[in-house]
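Notes to accompany the following structure.
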Amino acid sequence: MSTISDGYNRFITWQFHKLHQRKLLITKPHHAPFCPNCGPVAVDSSMTDIAQGGGAETQEFTALKFRLKDGTVLPAATLRPETVFGVTNMWLHPDVEYVKASVLDETWIVSREAFEKLRYQMDGRGEVKELDTLKGARLIGSTCTTPMGREVPILPGTFVDPKVATGVVMSVPAHAPFDWVALKDVQNELSSGKNPYGLDENMVRSIVPITMIQAGSELVEDPAGILCTRMGIESQSEADRLDEATKIIYKNEFHSGALMDLCQEYSGLKVSKIKETLRVDFIEKGLADLFFEFSEPVICRCGNGVVIKRIPDQWFISYSDPDLTRRTKEHAATMDIYPEEYMRDIGPVLDWFGDRACIRKGSWLGTEFPYKKDWIIEPISDSTLYPSYYMVSKYLNEGTLELEWMDDAFFDHVFLGKGDLEGMEERRREVTRRCREDFLYWYPLDINLGGKEHKTVHFPVFLMNHVAIMEPEHWPRGLFVHWWVTMSGGDKISKTKGGAEPIPDAIREYGVDAMRLYYCHVGSANMDVEWQKDTVSHYRARMRRIYEQIDDLLSMEDGGPSSMDSWLRSMMGVRLSEVTEMLEQGSLREASNIIYFTIPSDLKWYIRRGGRSQSTLREMTGMWVQMLQPFTPHLAEEIWERIGGKGLVSTHPWPIIDRENTSISSLKVEEYVIKLLEDLNRVKKITDMEPKRIILYTSSEWKWTVLEKLMDMSDGSDGRINPGDAIKSLMGVEDLGAYRKLIPKLVGRLSKDVVKMRPEERERYRLLRDEMERLQGLTTFFSTEMGCEVRVFSQDDEGKDDPMGKSKASLPLKPAIFME
RNA sequence: GCGAGGGUAGUCAAGUGGUCAAAGACGUCAGACUCAAAAUCUGAUCCUUAGUGGUUCGCCGGUUCAAAUCCGGUCCCUCGCACCA
């Protein structure tokens, strides 16, 4: 299948017939990028059609009509039409050749470049014809009138670029830094005695900036002048800094500016609100016209400059249709859309999405538009319903379905269930029936996966076309937006810029499983991922390590059951339930992190703590391999076979979580061991000693009493503890009589911990209340770990060995440590 | 400009009110193994300290007993904005 296959063309034709029947195809004028040589082009950053200018935006200038005495129009193109009230003069470049042209029924003077552009932009509106040419200098010194009828002089501006917009510029020195500096230049030149254009000196000198926008609560006269002075800008040639100044002023005035009194009926209105209204008004009154321009030069692949062309009767798909939008939004609300942010945005996006030009003229591949000869349906318009075409293309390709049978009635039947097959020739009836069955079997689409760039164009169109054409039960059920894999440095991978690595090569180099794991683990779907070769290799190494680890574990000598077995089973149960939950949520990263990083260290801990039961290990690694399977299937099967698993691991059902045999207390004990070991290592590191003996002291009974009382108190007052009250009430407890002096300090220390404690943590204190016995059972382990003798005393033990008096620092489940 | 997402330790990155000095990976350093290296293992990696302390999550301010997390402001980065799909 491709956009030029005959069968596909028939499908697209049907689709557009449907859109037309549903009154969703409309025509209206349109402005679009156009190469005089190649026809319409797409201006976008991936530079598919163009050689330069991918970042260009189409800007809509307002060409305000200033008039010479004889009525000839000087169209000053501006992005800030509201500033017309502050115009003090006009700028023309003295050395540039301007064209005098008849435009519609007026005479305009514009730069040569602008004249060429106008011919395309006026397409369908009237003729644009060259009448004469003249140097800018010819008009300098004379005057013209603003659209409001004020008379202003025409002055020389060497900063005027004939390539930008009309080459005719109006001057608003109070609000445009460029104008302000240029005006200064002209005035200074006169003062220094030079007057090459014979300007009226008094008149020029008397020009002062007209402030007409107030930004903020205080009026600032001549903001551009103030800013230029502050920035120390002196000359028209400092273009970069002038751009910067322009931006600052524009930003400020757009957001917080309002038009001042001299702005006639627009006085007092906010700039941000009035811009569009004002332009429409001016155009309606014949005081202005539109002028389109790119924000930067755009060059076609063929080398020609790209222009903006008016297409008088462009066909659109009317995605702004209120009924279609409403139905699509309602449907979207019932879909599974990921990530959540996009689920939230999709409604507003559908509202925002407007009519879309759907055909273009030129030598394009694609389907001819059925309502206009020689125009081709533009690719995005025809790509949105295509999954349904898969239902029939198969039969066309294998020859069961004949091309000429694929008429509108055929598609109506297959996709909409319309019409019957009576009287149809046997073969034809059979294949049509099968297409319909396939369609009913497969549709609707469960999910459409696409990159983040599709959020605002492709997905809305995809949804709306389904809603417009298909039966409600066949509308898509889900969308999934993913971000990108980029080159290192974050640049987009592209064929032209490089960075692309063909998948077959990459697979050969890193292996399929490593690639899969890399993608799953290295980032979440809604974040760009930088492709890094080294990192992929790390995943391969990680897989090898897991393979070896399992090998090692299963070849260890069986040491029979131990208390660690219960821990390992419980821990693996916890891991399995975490992984299951993550997978259900689609959090591949989290899931793979547990499987490939956390579980290996759990198993290491089991061994380190003396676990050696082969039967437990066999069972647990079996379960682990089942978890490895979805991410690295080849590795999983390999290990599965090695450990004597039956059949393929991929055909086994997902393991079931054994909650019955989960031992919370064994989990808590190991938490305790890990924390204590960390403390021991910390002390060892800080003191920088190789310990010869270690003594641990468990906490006094009375400290437990205090802790337990505090926990009770916090339960009784929605979590909070008032230390003062706590101390007071503890002082009254009989058992604590001997420790009265120590209570306030301990309460201060413990109460903030207790307030923060979660139920699980309280559980820990309850389960390990027999700390002394637990700890005594652990001395062998700690002694091996630390490489020296380890003894345990209670702080309460009268005969304890306590050379440094450390024992008083002990707290419940936080033994004090002595080391030497 | 409009809309959206983001700024967390050397790097990448997890983390939406208390279990956070903050997962994990990478890098770096030290130790083990080795004739040696690689690989692998073990530990350390904000500051301080015989562990319970201090200062951190772009910047400024606010809410709260409690903020990386909530609110307001501000700076910076990325994406989309309609004929590329």
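As the structure is a prediction and not an experimental result, all values here were calculated from the model. We name chains A, B, ... by the order of the sequence lines, and we start the count at 1 in each one.
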Quiz prompt | Complementary nucleotide for B/rA38 - Watson-Crick or wobble, under 3.5 Å | solution = none

Quiz item: Are side-chain N/O atoms of A/Tyr319 and A/Asn465 paired as donor and acceptor at under 3.5 Å?
Solution: yes

Quiz item: In chain order, what residues pass the side chain to side chain contact (heavy atoms under 4.5 Å, CB included) check against A/Lys372, with sequence neighbours excluded?
Solution: A/Asp313, A/Trp315, A/Ile359, A/Phe369, A/Trp375

Quiz item: Is there a donor-acceptor contact under 3.5 Å linking the side chains of A/Lys604 and A/Gln549?
Solution: no

Practice problem: Provide, to the nearest angstrom, the distance between the CZ atom belonging to A/Arg544 and the P atom belonging to B/rU40. | Solution: 8 Å

Practice problem: With a 3.5 angstrom cut-off on both distances, give the Watson-Crick or G-U wobble partner of B/rU64, or none if there isn't one. | Solution: none

Quiz item: Across the strands shown, which category fits A/Arg608 at heavy-atom distances under 4.0 angstrom: base, sugar-phosphate, nothing?
Solution: sugar-phosphate

Give me the distances for all protein-to-nucleotides 44-51 of chain B N/O pairs that come in under 3.5 Å?
residue : atom : partner  : partner atom : Å
B/rA50  : O2'  : A/Lys806 : NZ           : 2.9
B/rA50  : N6   : A/Met819 : O            : 2.3
B/rA50  : N1   : A/Met819 : N            : 2.8
B/rA50  : N1   : A/Met819 : O            : 3.2
B/rG51  : O2'  : A/Arg682 : NH1          : 3.1
B/rG51  : O6   : A/Ile817 : N            : 3.4
B/rG51  : N1   : A/Pro815 : O            : 3.2
B/rG51  : N2   : A/Asp679 : OD2          : 2.9
B/rG51  : N2   : A/Pro815 : O            : 3.2

Practice problem: Pick the P atom in B/rU69 and in B/rG18, then give their distance to the nearest Å. | Solution: 11 Å

Quiz item: With A/Arg310, which residues qualify under salt bridge (Lys or Arg N to Asp or Glu O under 4.0 Å), at least two apart?
Solution: none

Self-check item: Complement of B/rA50, any strand, by Watson-Crick or G-U distances under 3.5 angstrom
Solution: none

Quiz item: Looking at residues at least two apart in the chain, or sitting in another chain, which of them share a side chain to side chain contact (heavy atoms under 4.5 Å, CB included) with A/Met804?
Solution: A/Lys806, A/Phe818

Self-check item: Those residues that, when tested against A/Glu581, pass salt bridge (Lys or Arg N to Asp or Glu O under 4.0 Å) (two or more places apart)
Solution: none

Quiz item: Is there a Watson-Crick or G-U wobble partner for B/rA13 with both distances under 3.5 Å, and which nucleotide is it?
Solution: none

Practice problem: Take atom P in B/rU78 and the same atom in B/rA30, then report the distance between them in whole Å. | Solution: 39 Å

Quiz item: Does A/Lys455 put a side-chain nitrogen or oxygen below 4.0 Å from OP1 or OP2 of B/rG5?
Solution: no

Self-check item: Nucleic acid contacts of residues 306-313 of chain A, taken as heavy-atom distances under 4.0 Å to RNA chain B
Solution: none

Quiz prompt | All salt bridge (Lys or Arg N to Asp or Glu O under 4.0 Å) counterparts of A/Asp802, not counting sequence neighbours | solution = none

Quiz item: Does the side chain of A/Arg360 get closer than 4.0 angstrom to OP1 or OP2 of B/rA82 through an N or O atom?
Solution: no

Self-check item: B/rC33 to B/rC41 separation - C1' atoms, rounded to the nearest Å
Solution: 8 Å

Practice problem: Can you tell me, in whole Å, how much space there is between the P of B/rC79 and that of B/rG72? | Solution: 26 Å

Quiz prompt | Most 5' of A/Val349 and A/Phe353 on RNA chain B, judged by nearest nucleotide | solution = A/Val349

Practice problem: Hunt down the Watson-Crick or G-U wobble partner of B/rU19, both distances under 3.5 Å, from any strand shown, or write none. | Solution: none

Practice problem: Check the side chains of A/Ser699 and A/Gln795 for a donor-acceptor pair under 3.5 angstrom, ignoring hydrogens and angles. | Solution: no

Quiz prompt | Between B/rC70 and B/rU8 - P atom distance, rounded Å | solution = 16 Å

Quiz item: What interatomic distance, in whole Å, is found between P of B/rU11 and the corresponding atom of B/rC57?
Solution: 15 Å

Quiz item: With a 6.0 Å cut-off on ring centres, are A/Tyr8 and A/Tyr389 close enough?
Solution: yes

Self-check item: Value in whole Å for how far the P atom of B/rU52 lies from NZ of A/Lys675
Solution: 14 Å

Self-check item: B/rG27 versus B/rA36 - spacing of their P atoms, nearest Å
Solution: 23 Å

Exercise. List in chain and number order the residues that pass ring pair (Phe, Tyr, Trp, His ring centres under 6.0 Å) with A/Phe34, two or more places apart in sequence or in another chain; answer none if no residue qualifies.
Key: A/Tyr120

Give me the distances for all protein-to-nucleotides 26-28 of chain B N/O pairs that come in under 3.5 Å?
residue : atom : partner  : partner atom : Å
B/rC26  : O3'  : A/His538 : NE2          : 3.4

Quiz item: Relative to the 5' end of RNA chain B, which residue comes earlier, A/His454 or A/Gly354, by the nucleotide with the nearest heavy atom?
Solution: A/Gly354

Practice problem: Could you list the residues that satisfy side chain to side chain contact (heavy atoms under 4.5 Å, CB included) with A/Arg575, not counting sequence neighbours? | Solution: A/Met571, A/Glu578, A/Ile594, A/Thr598, A/Ile599, A/Asp602

Quiz item: How far, in whole Å, is B/rC71 from B/rG17 if one measures between their C1' atoms?
Solution: 13 Å

Self-check item: Residues in side chain to side chain contact (heavy atoms under 4.5 Å, CB included) contact with A/Ile299, at least two apart in sequence or another chain
Solution: A/Gln52

Self-check item: Strand partner of B/rC2, provided both Watson-Crick or wobble distances fall under 3.5 Å
Solution: B/rG80

Self-check item: B/rG43 pairs with, by Watson-Crick or G-U criteria that keep both distances under 3.5 Å
Solution: B/rC29

Quiz prompt | Listed partners of A/Glu671 passing salt bridge (Lys or Arg N to Asp or Glu O under 4.0 Å), at least two apart | solution = A/Lys668

Exercise. Give A/Gln314 one of three labels, base, sugar-phosphate or nothing, depending on what nucleic acid heavy atoms sit under 4.0 Å from its own.
Key: base

